[in-house]
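All residue numbers in this chain count up from 1 along the given sequence.
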Amino acid sequence: DMTDPTQQCPDSWQSFSSPRSSCGKKSNAPCDSLNITTSGASYQAVCGRFRGYQVGSPDAFRRDIITNIETNYVDGVTVTYGSPGNRHHVYTYAAGLTETTNVWEASCPCAAGRTPPQFVGSDYYCESGNPGPGYSLQFYSSDVLWDRQQCGGNESTCCNPPDLPWFCKT
């Protein structure tokens with residue numbers, strides 16, 4: 001919970017303090033993982049939420065036809081379980097390009113964007129932090145992603161699911 005000033009990022013992630021306290025990947029690689037172990041405890045459900053900020057021009061589900069969970073299929077955060085080569089999808093948080101402009105390749109599915117891969121199904125939430133029609137390579141700090149707030153313009157239907165911003169899969 002990076003809104004709590006006493007909390008720190010996981011060791012494998014980088015801490016950012018400006019313009020907002022947040023965590024992110026350390027490398028420029030297209031994907032980065034954070035492994036959370038259960039320490040042998042059994043569980044019946046995986047529940048949680050993410051808060052994020054848009055940087056630049058994310059493309060939501062802008063990949064060509066993706067049928068493999070092991071590929072880079074979303075600009076955002078995905079929760080999976082299993083090991084490389086045997087991952088299973090739990091939930092995805094995608095970031096779209098803008099709230100107001102329909103760009104099929106880069107918008108959220110609820111704003112006329114590309115549909116997610118079949119293995120994602122309806123287990124995703126997509127939102128943009130960019131209120132304008134254009135975009136720039138900036139940190140959009142005024143609109144937290146995936147919080148069910150400030151869903152304007154073409155993405156107004158994106159914030160309808162009743163459990164948002166939480167996910168819970170059994």
Side-chain angles (χ1 to χ4, degrees), residues 1-5 7-10 13-34 48-66 69 71-80 89-167:
D1 180 0
M2 294 309 292
T3 62
D4 179 346
Q7 297 299 307
Q8 296 182 1
C9 297
W13 287 10
Q14 181 176 349
S15 177
F16 299 94
S17 59
S18 179
R20 298 268 196 248
S21 179
S22 57
C23 302
K25 61 185 185 172
K26 287 184 178 180
S27 71
N28 287 330
C31 298
D32 200 5
S33 295
L34 172 65
R49 69 177 271 187
F50 284 89
R51 292 170 46 97
Y53 294 97
Q54 179 172 335
V55 177
S57 58
D59 298 327
F61 296 104
R62 187 188 178 168
R63 309 295 176 250
D64 291 332
I65 297 172
I66 300 291
I69 196 169
T71 60
N72 180 10
Y73 65 89
V74 65
D75 275 348
V77 177
T78 188
V79 179
T80 63
H89 183 261
V90 176
Y91 206 83
T92 294
Y93 287 85
L97 182 61
T98 77
E99 294 176 3
T100 57
T101 304
N102 287 347
V103 179
W104 178 72
E105 297 93 356
S107 296
C108 291
C110 57
R114 190 173 281 197
T115 58
Q118 187 175 357
F119 60 85
V120 171
S122 61
D123 296 322
Y124 70 92
Y125 177 32
C126 187
E127 184 181 349
S128 176
N130 174 4
Y135 67 90
S136 63
L137 298 178
Q138 71 177 42
F139 189 109
Y140 290 92
S141 61
S142 63
D143 184 359
V144 176
L145 293 175
W146 315 311
D147 64 350
R148 200 177 183 178
Q149 305 295 314
Q150 294 175 278
C151 295
N154 295 328
E155 72 173 19
S156 60
T157 60
C158 299
C159 292
N160 288 342
D163 295 332
L164 293 178
W166 294 91
F167 74 90

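For S136, the side-chain hydrogen bond (donor to acceptor under 3.5 Å, both in side chains) partners at least two apart in sequence or on another chain are Q138. Partners of F50 according to the ring pair (Phe, Tyr, Trp, His ring centres under 6.0 Å) rule, which considers only residues two or more places apart in sequence or in another chain, are Y93. For T78, the side chain to side chain contact (heavy atoms under 4.5 Å, CB included) test picks out Y73, T80, H89, T92, with sequence neighbours left out. Applying the side-chain hydrogen bond (donor to acceptor under 3.5 Å, both in side chains) test to S107 and every residue at least two apart in sequence or in another chain returns nothing.
Between the CG atom in N154 and the CD atom in E99 there is a gap of 10.0 Å [rounded to 0.5 Å]. Once rounded to the nearest 0.5 Å, the distance linking CG of N130 with OG1 of T100 reads 7.0 Å. Interatomic distance, S57 OG to D75 CG, rounded to the nearest 0.5 Å: 8.0 Å.
Residues P116 and G121 share a closest heavy-atom pair of CG-O, 3.7 Å. Heavy-atom minimum distance, Y124 versus P109: OH-CB, 3.3 Å. Counting all heavy atoms, side chain and backbone alike, F61 lies closest to P117 at CD2-CD, 3.7 Å. The two atoms that bring T98 and G132 nearest to each other are CB-O, 3.1 Å, heavy atoms only. Smallest separation of non-hydrogen atoms from P131 and Y140: CD-CD2, 4.5 Å. Closest approach of G96 to S128, counting heavy atoms only: O-OG, 3.1 Å.
Side-chain atoms of W146 come within 3.5 Å of backbone N or O of A94 as a donor-acceptor pair.
Cysteines C158 and C108: SG-SG separation is not under 2.5 Å.
Side-chain contact between L145 and Q54: present, with at least one pair of heavy atoms (C-beta onward) separated by less than 4.5 Å. Side chains of Y125 and R148 form a contact here, defined as non-hydrogen atoms less than 4.5 Å apart.
Between Y91 and F167, the ring planes are parallel. Angles under 30° get that label, and only those over 60° would be called perpendicular.
Within the structure, the salt bridge (Lys or Arg N to Asp or Glu O under 4.0 Å) test picks out no pair touching residues 154-163 (sequence neighbours left out). Within the structure, salt bridge (Lys or Arg N to Asp or Glu O under 4.0 Å) contacts touching residues 120-142 (residues at least two apart or in different chains) are D123-K169.
Heavy atoms from other residues, nucleotides or ligands lying under 6.0 Å from OH of Y135 number 12 at most.
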